[in-house]
Amino acid sequence: MIRLALAPLLEGRTLRVRSVGPHDMRARGEGRGKPVRGAWIGRRELLHGARIDRLERRGKRLALVARDGRTLVVQLGMSGQLMLAADSARTHRHVTWGVEGQRHPLVFRDPRRFGGLTPYASPEALHAAWNEQLGSDALCISASRLADALRGRRPVKAALLDQRVVAGVGNIYADESLFLARIDPRTRCARLRPEQVIALAASIRTVLARAVRTGGSTLRDHRTALGQPGQAQQLHAVYGRTGLPCIECKHPIRGARLAGRATAWCVRCQAAR
DNA sequence: CAGGTATCCTGTCCGC
DNA sequence: TGCGGACAGGATACCT
């Protein structure tokens, strides 16, 4: 969604770093490097003076690729925003770019600092890193690739949160996908029947596509890349509905902690079989 | 050593 | 009304 909204506004245009700070956010190192606290990325790596060639996305990561090869990955974490809008809040701005020919600046803000920026020297380096760190994108995950990735004794919910299994599924859409596929989130990957994996792959594609279509939203204060509020939160079948009646069978939605995250599912519709 | 969990961080919401 | 605390999310360091 963010890529779709920003691509036509940024492609072919030159960025100029206008301000950087505060300097206390995570600058993620190349590859698996540890997040560096208190360090920052240079203006050159922040694409100062770079003409944007294209925006690439895989899972939750967005890459700005410049014509000279410089590449900057934006991870929004949970509260991050990348916006080209007049009403972008002024607090928690980490990087502000001027965009050639655009009235409003491009702003990366991240109040909770779970997000981060990662520079790469080239698109090739970016793809190498992504191939290592990320599985297939959720919007086009095939049943066979999902079957290959869903191995082991982990509960299927925990596997879905692993970006190396499927890139792009977070806590909310993991629950929603499992509900649509009628799979108990506690089911061990190795015990999933082939038809369940097929259903799950289709459900992931459906749920993510719907989220993108409706502006993608999770938190109440979520905004799109152009400043519009998202609406997908109203479409959730199980997430945030613990104790409320299932939209299919009216049975109360169960809530529990699984893989360290809040999990909601219908024990009747998603019965372990 | 795979799988579970603690940690980071701040805004929001709940109860006293 | 004010305030403390729990909680939410994504990624990863760390522990078992």
Side-chain angles (χ1 to χ4, degrees), chain A residues 1-2 21-40 57-63 73-82 88-94 108-118 129-135 137-138 148-178 185-192 204 207-208 211 216-223 229-230 232-233 236 238-243 253 255-265:
Chain A
M1 181 62 203
I2 294 172
H23 289 212
D24 60 347
M25 71 161 301
R26 291 164 208 219
R28 291 170 193 278
E30 184 92 18
R32 297 180 312 281
K34 299 174 183 177
V36 181
R37 304 207 66 85
W40 193 240
R57 183 197 63 82
R58 183 136 143 208
K60 306 168 193 171
R61 301 188 193 184
L62 181 70
V73 169
V74 179
Q75 282 179 263
L76 297 179
M78 66 169 286
S79 62
Q81 300 176 327
L82 187 67
S88 173
R90 279 188 284 273
T91 57
H92 301 296
R93 287 187 174 192
H94 289 105
F108 173 59
R109 52 186 305 273
D110 184 17
R112 296 182 205 181
R113 287 186 273 160
F114 273 32
L117 302 172
T118 311
W130 277 3
N131 286 335
E132 186 186 328
Q133 300 162 5
L134 303 175
D137 185 83
D148 288 342
L150 287 179
R151 301 215 176 272
R153 293 162 298 285
R154 278 194 291 186
V156 59
K157 159 94 185 250
L160 290 182
L161 295 176
D162 183 344
Q163 301 301 296
R164 289 167 303 186
V165 172
V166 195
V169 177
N171 193 45
I172 296 167
Y173 299 131
D175 282 6
E176 294 297 312
S177 299
L178 289 164
R186 301 167 297 181
T187 310
R188 308 275 163 176
C189 291
R191 306 192 85 88
L192 287 169
I204 291 169
V207 165
L208 269 291
S217 79
T218 53
L219 303 177
R220 262 171 287 274
D221 58 352
H222 171 84
R223 291 295 179 276
Q233 54 190 312
H236 296 153
V238 287
Y239 176 80
R241 300 194 65 248
T242 295
I253 297 297
R257 279 194 99 69
L258 186 55
R261 306 251 80 95
T263 301
W265 77 101

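Computed from a predicted structure; not experimentally measured. Below, read A as the first sequence line, B as the second, and so on, with proteins coming before strands; counting in each chain starts at 1.
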To the nearest angstrom, the CD-C1' distance between Gln75(A) and dT12(C) comes to 11 Å
Listing request: all salt bridge (Lys or Arg N to Asp or Glu O under 4.0 Å) pairs with a residue in residues 163-174 of chain A, at least two apart in sequence or in separate chains. Asp162(A)-Arg164(A)
Measure CZ/Phe114(A) against C1'/dA8(C) and give the value in whole Å, please. 9 Å
Is the phosphate of dA6(B) approached by Arg257(A) (side-chain N or O, under 4.0 Å from OP1 or OP2)? no
Measure the NZ-CG distance between Lys157(A) and Asn171(A) for me, rounded to the nearest 0.5 Å. 4.0 Å
In whole angstroms, the gap separating C1' of dA11(C) from CD of Gln133(A) amounts to 11 Å
Does Arg109(A) have any side chain to side chain donor-acceptor pair (under 3.5 Å) partners at least two apart in sequence or in another chain, and if so, which? Gln81(A), Thr91(A)
When the distance from CD of Glu132(A) to P of dA11(C) is rounded to whole Å, what number comes out? 15 Å
Check DNA chain B for consecutive Watson-Crick or G-U pairs with both distances under 3.5 Å and list the runs of at least three as stems. B:2-16 with C:2-16
His236(A) and Tyr173(A) aromatic ring geometry - parallel, tilted or perpendicular at 30°/60° bounds: perpendicular
Which residues satisfy the side chain to side chain donor-acceptor pair (under 3.5 Å) test with Ser177(A), sequence neighbours excluded? none
Leu150(A) has an atom CG; how far is it from atom P of dA2(B), in whole Å? 16 Å
Residues in salt bridge (charged side-chain N to carboxylate O under 4.0 Å, His left out) with Arg57(A), at least two apart? Asp137(A)
Please list, by residue number, the residues of residues 155-167 of chain A whose heavy atoms come closer than 4.0 Å to an atom of DNA chain B; answer none if no residue qualifies. Pro155(A)
Nearest-angstrom distance from the residue atom CZ of Arg153(A) to P of dG3(B): 5 Å
Report the residue (Arg188(A) or Arg261(A)) whose heavy-atom-nearest nucleotide on DNA chain B is the more 5′ of the two. Arg188(A)
Name all residues meeting the salt bridge (charged side-chain N to carboxylate O under 4.0 Å, His left out) criterion together with Arg151(A); count only those two or more places apart in sequence or in a different chain, and write none if there are none. Asp148(A)
Tell me whether the OP1 or OP2 atom of dG11(B) has a side-chain N or O from His92(A) closer than 4.0 Å. yes
Heavy-atom donor-acceptor pair, Gln75(A) side chain to Leu62(A) backbone, under 3.5 Å: no
Suppose we screen for side-chain contact (heavy atoms from CB on, under 4.5 Å). Which residues come up paired with Ala149(A), at least two apart in sequence or across chains? Val165(A)
Taken to the nearest whole Å, CG/Asp110(A) to C1'/dG10(C) is 11 Å
What about Arg112(A), does its side chain sit under 3.5 Å from the base of dA8(C) through a donor-acceptor pair? yes
Measure CG/Leu134(A) against C1'/dT12(C) and give the value in whole Å, please. 14 Å
Counterpart residues, salt bridge (charged side-chain N to carboxylate O under 4.0 Å, His left out), relative to Arg186(A) (two or more places apart): Asp184(A)
Report which part of the nucleic acid Gly152(A) touches: base, sugar-phosphate, or nothing (heavy-atom distance under 4.0 Å, all strands). sugar-phosphate
Does dT10(B) have its OP1 or OP2 closer than 4.0 Å to a side-chain nitrogen or oxygen of Arg113(A)? yes
Checking dA8(C), dA11(C), dG4(B) against the side chain of Arg154(A) (C-beta onward), the nearest is dG4(B)
